[in-house]
Amino acid sequence: MTLDPSRLRPATRLVHGGVQRTHHGETAEALFLTSGYVYDDAEQAEATFSGKVEHYQYSRFANPTLSMLEQRLALIEGAEDCRTAATGMAAVNAALLSHLQTGDRVVAARALFGSCHWIVSTLLPKFGIQTEFVDGGDLAQWKAALSRPANLVLLESPSNPMLDMVDLPAVAEMAHAAGAIVVVDNVFATPLLQQPLKLGADVVVYSCTKHMDGQGRVLGGAILGSKKWINDVLQPFIRNTGPALSPFNAWVLLKGLETMALRVDAASRSAASIADFLAEQPGVIRVWYPTRADHPQQALALKQMTAGGTVVTFEVAGGKDGAFEVMNSFELILVSNNLGDSKSLATHPATTTHMRIGEQERARLGITDGVIRLSIGLEDPDDIKDDLCRALDRLNTAKPVLAAN
Ligand SMILES: *Cc1c(COP(=O)(O)O)cnc(C)c1O
């Protein structure tokens, strides 16, 4: 009996999707830690290379453990096909460089992950590819930028770290009319909370390092799209430039995916309740969380996402000193620039992840010196609230200690 994975619900797809069991009948996915493959004879090798026979050739091109991960990711995303890469940035880079050529034009939302920003603003111009940046939430700016022909649109929604939303169907329609494909970096939402392909995007990219591993162990990246685009455009680039993911890391990611629905659901629930909690605390100037009533794009978030995600951003009084005071007072929450981990992590974007973009660009994005990005983990949310309470109390010693519950 064979299972039809398209009939399965997301949590089940994450456990069973893409499994290719060997003749040994193993329960867990097999780890094919092999660089190459052998043929029965020279004729089979010839037939493989001429495309008459399907046979693994070399793990830079394809590997059975990677294939399982790619099929599972395609199933959970609702994409025709998927390729993986060694890191999220290798995935973004492959998606852009495989599609673009000299003279092409990119339109990108300003609020991009730092290295994505570097690729479009520093690397692509070296090859004669220009990028116009827009404020992702402003459809008038998208309209103006896409009134001229373009080749590729790159955006993140929700964005890092201010959780700005982009109206995906509206931007996709304008992009397609301008001749561009839409590439969405969907790391913050995960495929469980938002599926950009259903909202008009053509390609979705992930850092699997974040929620897919979800336990801070391995780096990985993924690119999802149509079979035709992946076969014709992406696959030759990956095959010949070699950003291949290690089979071991692919195996860790397969095991990470098995628990992703449980983890993202728990962390997202905690994040929503922590966002509400933070908004009530003295010393907190403002909280950003996509599904909160005070988020300027709450309606859009509720339309595009099934929950607000695992990241809460907030601004404390006292600027950088205030933010550092709070972060240095945490006993449970760890100071780290990573996110999507089972451990709650706090980042000061202005001095770390967004230091290089400069003060002016930070101001445009609303990243003030008092902003702290909080990636919520799998701890009991009341323990996280206790830790926040303790730290905020140190910031505002005039205030008596608040009960966390
Ligand atoms: C982490 C991250 C990346 C880069 O992924 P790596 O696995 O670190 O290379 C890209 N985009 C977003 C939104 C990220 O959070």
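Start at 1 and go down the list; that is how both ligands and their atoms are numbered. Bear in mind that the values here come from a model prediction, so they are computed numbers and not experimental data. Index from 1, following the sequence.
Within the structure, the closest approach of Asp185 to ligand 1 falls below 4.0 Å when heavy atoms are considered. In this structure, Gly220 has a heavy atom closer than 4.0 Å to ligand 1.
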Report, one line per pair, each donor and acceptor closer than 3.5 Å where one atom sits in a side chain of residues 344-355; sequence neighbours left out.
residue : atom : partner : partner atom : Å
Ser344  : OG   : Gly377  : N            : 2.8
Ser344  : OG   : Glu379  : OE1          : 2.7
Thr347  : OG1  : Ser336  : O            : 2.6
Thr347  : OG1  : Arg373  : NH2          : 3.2
His348  : ND1  : Thr351  : OG1          : 2.7
His348  : NE2  : Asp369  : O            : 2.7
Thr351  : OG1  : His348  : O            : 3.4
Thr352  : OG1  : His348  : O            : 2.9
His354  : NE2  : Asn160  : O            : 3.4

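Enclosure of atom CZ in Arg217 by more than 12 non-hydrogen atoms of other residues, nucleotides or ligands within 6.0 angstrom is indicated.
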Could you walk me through whether Leu199 and Val184 pass the side-chain contact (heavy atoms from CB on, under 4.5 Å) test, one step at a time?
CA-CA 11 Å; Leu199 298 167; Val184 175; over 6 Å; no
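For Lys210 and Tyr206, the positive end is not near the middle of the six-membered ring at less than 6.0 Å and at most 45° from its axis.
Judged by distance alone, with hydrogens and angles left aside, the side-chain atoms of Gln304 form no donor-acceptor pair with the main-chain N or O of Leu193 at under 3.5 Å.
The heavy atom nearest to atom 4 (C) of ligand 1, considering only Phe113, Phe188, Tyr206, is found in Phe113. Distances from atom 8 (O) of ligand 1 to the heavy atoms of Pro161, Ser375, Ser207 put Ser207 nearest.
Using modelled atom types and a 3.5 Å distance limit, the side chains of Tyr37 and Ser59 yield a donor-acceptor pair. When only modelled atom types and interatomic distance are considered, Ser342 and Gln215 share no side-chain donor-acceptor pair under 3.5 Å.
Atoms of ligand 1 lying under 4.0 Å from at least one heavy atom of Glu156, given by number and element, are 13 (C). Less than 4.0 angstrom separates some heavy atom of Thr87 from each of these atoms of ligand 1: 7 (O), 9 (O). Proximity to Gly88 (heavy-atom distance under 4.0 Å) selects the following atoms of ligand 1: 5 (O), 6 (P), 7 (O), 9 (O).
Looking at Leu219 next to ligand 1, no N or O pair under 3.5 Å apart turns up. Remark: ligand 1 and Cys116 share no N or O pair separated by less than 3.5 Å (distance only, no angle test).
Each salt bridge (Lys or Arg N to Asp or Glu O under 4.0 Å) pair with one or both residues in residues 78-96, not counting sequence neighbours, appears once here: Asp81-Arg83.
In this structure, atom 15 (O) of ligand 1 lies nearest to the protein heavy atom Lys210 NZ, 2.7 Å. In this structure, atom 9 (O) of ligand 1 lies nearest to the protein heavy atom Met89 N, 2.8 Å.
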